[in-house]
Asks: 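This is the structure, below, for whatever I ask next.
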Amino acid sequence: MEDTNALIAQRRAKLEALRRRGLDPFRHKFTPTTGCGTARTRFLAGNAPAPAPDALPEGAAVAIAGRITAHRDMGKSQFLDLKDETGRIQIYAQKQALGEEGYEIFKHLDLADFIGVEGTLFRTKTGEPTVKVERFTILAKALRPPPAKWHGLEDTEIRYRQRYLDLMANEEVARVFRQRSHIVRAIRDFLHGRGYLEVETPIMQAIPGGAAARPFKTHHNALGCDFYLRIALELPLKRLLVGGLDRVFEIGRNFRNEGLSRKHNPEFTMLEAYQAYGDYETMMELVESLICHVADKILGTLVLEHRPDAPVATAITHALAELDQLSATMMGSLMKAAGGDAAADFVADMGKARAALLVAQQQVGQEPPEVAARSAIGALLVAIGAVALHRAGAAPANTPLEQHLTAAAAKFDATVRSLERFTAPKVIRLERPWRRVRYKDLVRAVAGQDWFELTPAARRRRAVEDLKLGGDIAAGYEDFEVTGAVFEKLVEPTLIQPTFVTHLPHELVPLAKLSPEDPTTVEVFECCINGQEIAPGYTEQNDPITQRERLEHQAGGEQQKLDEDFLVALEHGMPPAGGIGLGVDRLCMMLLGQESIRDVILFPQLKPK
């Protein structure tokens, strides 16, 4: 912190020095003639056997602007890297060209400052495309230094809390969010091409409907009443089907006042689309075609190879920090409890684990991620074994020392479990046709062929005792929720390849039509890819009497939870229809190979500091 404060003080001193010279280091405007990366690419294209029409020759004049990302002071000349959204280019500032005063001002520049440059293109002796600076303008003086690890910010907390630093330091992160924008645009283009009308519906709703979720509540001062942030887009869109808009879609934010996880954020982006005169089969074709179109358009392939280098690197970094902390804190405690030899042995064992973790760390990015993950697991197993050995031999039960070692072993074990997800290559194949399988068949495969013939009590007992799901099944769970837990914990994570899971229990989806062949199920699918649900789809319920009965049952007798206006709308007649809800964040996770939803949301929800 002291170093950072000193650097900030130095930068403020330079700012004041510039102002004393009559310069404004925060300018209104600068007009580049080309981008930094574009200028470099066009200059390199001039050397091609058949130069492109827009190639830039040696000596071409350019005006560029960007952020300083590297600075090499050679005394009477300086080389800097300038970067904008198109890429980077080197610039060369020479005292002779800028003059005494201009060069002195140039020396007030720091990493992360924005400058505008006018000059000519040339190649250095090493062949590097470079702009020789003839004039420059300081556009914005950065009063804080860039992240310590400029070429790859690794602190996860800072990355999510100060995303602007993450974007500055990690080009891969910026690429992911550019591609996310392209994905959303491709979704819109596809649906417009299918004749769908994009609409916007209210975010604040008097009654939150369309899903079973806890809403966020707010108060409208002018109207003097409470509203809820929407938990789904569904009910207003169905009203539009009643009104005669036969194909509608919306891409918008939903808000659910529930937990956070690798797959969940309290506010998230959903696509919902509804098609009159269709059914769940119609919408399966739509989802399959849409995702294949987006993958081909944005990625140029239907075969996705995920490289989880970032989460593997993060896990290794955290494990190294935990090892170092454990070695430092346990040295004195073990010496008191078991003597110097035991303490020395423990530190030596931790040193072996640390050396193996460092090897794994070096493998990240150089070897396939599964190789680094397996190496890290091996190192952590050494640490876990050493902790267990010393806990048994030198730490009496129920002492602070024993508790500390037990907690450390638990942390290492949790890291091992997180790394196990990355020990095999992950390739997702989107080629059509996609697999279609019934919900009950998948549950039977993991819970027993007789699962649906058991009594509810026997199902609960098997789930808790045989399937080890006691921690996932609450005491108040209804029978269908027990089966749902079996599916969610034991089936869904295995569905890496595209799979339409069809005919779900009717209790799960009160807004869908019953299946004629099995009235205990509804005409519904869940499209699962990459071990998580991407998109559910329904044959929509359009019988207003049946719909009222099922919503009343879901509301548990609480009349205030019923959306009467929606039920009245259905009584005016809604055509048979198919509908889908597609999680845009999860789709981006799958297409872009990101392991956490926070890595595809620019500003994920965090607890305020």
Side-chain angles (χ1 to χ4, degrees), residues 29-72 77-94 97-98 112-137 139 150-152 167-190 192-193 292-305 307 365 588 591-593:
K29 184 180 179 181
F30 183 87
T31 306
T33 59
T34 186
C36 296
T38 303
R40 189 175 189 278
T41 301
R42 290 172 63 191
F43 188 37
L44 288 171
N47 275 355
D54 64 345
L56 293 171
E58 182 98 13
V62 294
I64 57 174
R67 188 190 289 275
I68 300 171
T69 59
H71 191 175
R72 298 169 291 281
S77 63
Q78 298 185 48
F79 288 94
L80 294 83
D81 283 354
L82 212 57
K83 181 182 176 184
D84 66 3
E85 198 171 19
T86 67
R88 59 160 286 275
I89 193 169
Q90 181 173 267
I91 66 172
Y92 171 64
Q94 194 178 32
L98 294 178
D113 289 354
F114 281 94
I115 62 171
V117 167
E118 298 173 68
T120 55
L121 288 163
F122 77 102
R123 291 176 184 274
T124 63
K125 293 178 181 178
T126 61
E128 179 65 25
T130 305
V131 176
K132 184 177 181 180
V133 181
E134 296 175 354
R135 288 175 296 281
F136 72 95
T137 305
L139 303 177
W150 173 255
H151 298 290
L167 293 166
M168 285 166 54
N170 293 316
E171 179 55 39
E172 174 62 17
V173 171
R175 183 191 67 82
V176 165
F177 286 108
R178 290 191 194 100
Q179 286 191 305
R180 178 189 168 115
S181 177
H182 298 327
I183 287 169
V184 173
R185 178 176 178 178
I187 291 171
R188 282 194 164 95
D189 290 346
F190 175 86
H192 286 311
C292 288
H293 167 81
V294 171
D296 189 52
K297 179 83 173 176
I298 305 304
L299 305 177
T301 180
L302 298 180
V303 180
L304 313 179
E305 297 184 28
R307 281 193 63 98
C588 291
L591 292 176
L592 303 177

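For clarity, every value in this text was computed on a predicted model and none was experimentally measured.
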Asks: Test your reading of the model: is there a side-chain donor-acceptor pair from Thr301 to the backbone of Val303, 3.5 Å cut-off?
Replies: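 Checking the backbone N and O of Val303 against the side chain of Thr301, a donor-acceptor pair under 3.5 Å is found.
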Asks: So, for Phe30 and Ala65, which heavy atoms are closest and what is the spacing to 0.1 Å?
Replies: CD2-CB, 3.8 Å
Asks: Which of these passes side-chain hydrogen bond (donor to acceptor under 3.5 Å, both in side chains) with Gln78: Gln94, Arg72, His71?
Replies: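 Of the listed residues Gln94, Arg72, His71, the side-chain hydrogen bond (donor to acceptor under 3.5 Å, both in side chains) partner of Gln78 is His71.
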Asks: With a 4.5 Å heavy-atom cut-off, do Leu304 and Leu299 have their side chains touching?
Replies: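 Yes; the side chains approach each other to less than 4.5 Å.
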Asks: For Glu172, is there any backbone N or O sitting under 3.5 Å from a side-chain donor or acceptor partner on Asn170?
Replies: no
Asks: With the side chain counted from C-beta on, respond yes when Gln90 and Thr124 share a heavy-atom pair under 4.5 Å apart, and no when they do not.
Replies: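 A side-chain contact under 4.5 Å exists here.
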Asks: Please report the closest heavy-atom contact between Pro32 and Ile64, naming both atoms and the distance.
Replies: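 Here Pro32 and Ile64 meet closest at CB-CA, 4.2 Å.
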Asks: Any heavy-atom pair between the side chains of Arg42 and Thr34 that's under 4.5 Å?
Replies: yes
Asks: Calculate, to the nearest 0.5 Å, the distance between atoms CZ and NZ belonging to Arg88 and Lys83 respectively.
Replies: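 The NZ atom of Lys83 is 10.0 Å from CZ of Arg88, to the nearest 0.5 Å.
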Asks: Do Val294 and Ile187 come close enough that some side-chain heavy atom pair is under 4.5 Å?
Replies: yes
Asks: Counting only heavy atoms not in Glu305 (residues, nucleotides, ligands), do more than 12 fall under 6.0 Å from its CD?
Replies: no
Asks: Roughly how far, to the nearest 0.5 Å, is CD1 of Ile298 from CD of Gln179?
Replies: 7.5 Å
Asks: Do Arg40 and Val131 come close enough that some side-chain heavy atom pair is under 4.5 Å?
Replies: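 Sidechains of Val131 and Arg40: no contact.
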Asks: Please examine the side chains of Arg180 and Cys588, heavy atoms only from C-beta on, and report whether any two atoms are closer than 4.5 Å.
Replies: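 A side-chain contact exists here, since the closest heavy-atom pair is under 4.5 Å.
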Asks: How far apart are the closest heavy atoms of Ala55 and Pro57, and which atoms are they?
Replies: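 Ala55 and Pro57 have their closest heavy atoms at O-CD, 3.8 Å.
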Asks: So, the side chain of Asp81 versus the backbone of Thr69: is there a donor-acceptor pair under 3.5 Å, distance only?
Replies: no
Asks: Any Lys/Arg nitrogen of Glu171 or Arg178 sitting under 4.0 Å from an Asp/Glu carboxylate oxygen of the other?
Replies: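 A salt bridge is present here (some side-chain N lies under 4.0 Å from a carboxylate O).
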Asks: Specify the closest pair of heavy atoms between Phe177 and Leu167, including all atoms of both residues, with the distance to one decimal.
Replies: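 Residues Phe177 and Leu167, closest heavy atoms: CD1-CD2, 4.2 Å.
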Asks: Can you tell me which residue among Leu80, Leu82, Ile91, Thr120 is in a side chain to side chain contact (heavy atoms under 4.5 Å, CB included) with Val133?
Replies: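 Among the candidates, only Ile91 passes.
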Asks: Evaluate the side-chain proximity of Pro129 to Leu121: yes if any heavy-atom separation is below 4.5 Å, no if none is.
Replies: no
Asks: So, for Phe122 and Phe43, which heavy atoms are closest and what is the spacing to 0.1 Å?
Replies: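 Closest pair (atom of Phe122, atom of Phe43, distance): O-CE2, 3.5 Å.
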Asks: Please find the pair of heavy atoms, one from Cys36 and one from Ile89, that lie closest to each other, and give the distance.
Replies: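 Looking at all heavy atoms of both residues, the shortest contact is O-CB, 3.6 Å.
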Asks: Between Asp189 and Lys297, is there a salt bridge with N-O shorter than 4.0 Å?
Replies: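 Answer for the salt bridge query: no.
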Asks: Using only atom types and a distance under 3.5 Å, with no angle test, would you say the side chain of Thr41 pairs donor to acceptor with the backbone of Gly37?
Replies: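 Pair found, side chain donor or acceptor close to backbone of Gly37.
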Asks: Considering only heavy atoms from C-beta outward, does the side chain of Glu128 approach that of Phe79 to under 4.5 Å?
Replies: no
Asks: Would you say the side-chain atoms of Thr33 pair up with the backbone N or O of Ala63, donor to acceptor, closer than 3.5 Å?
Replies: yes
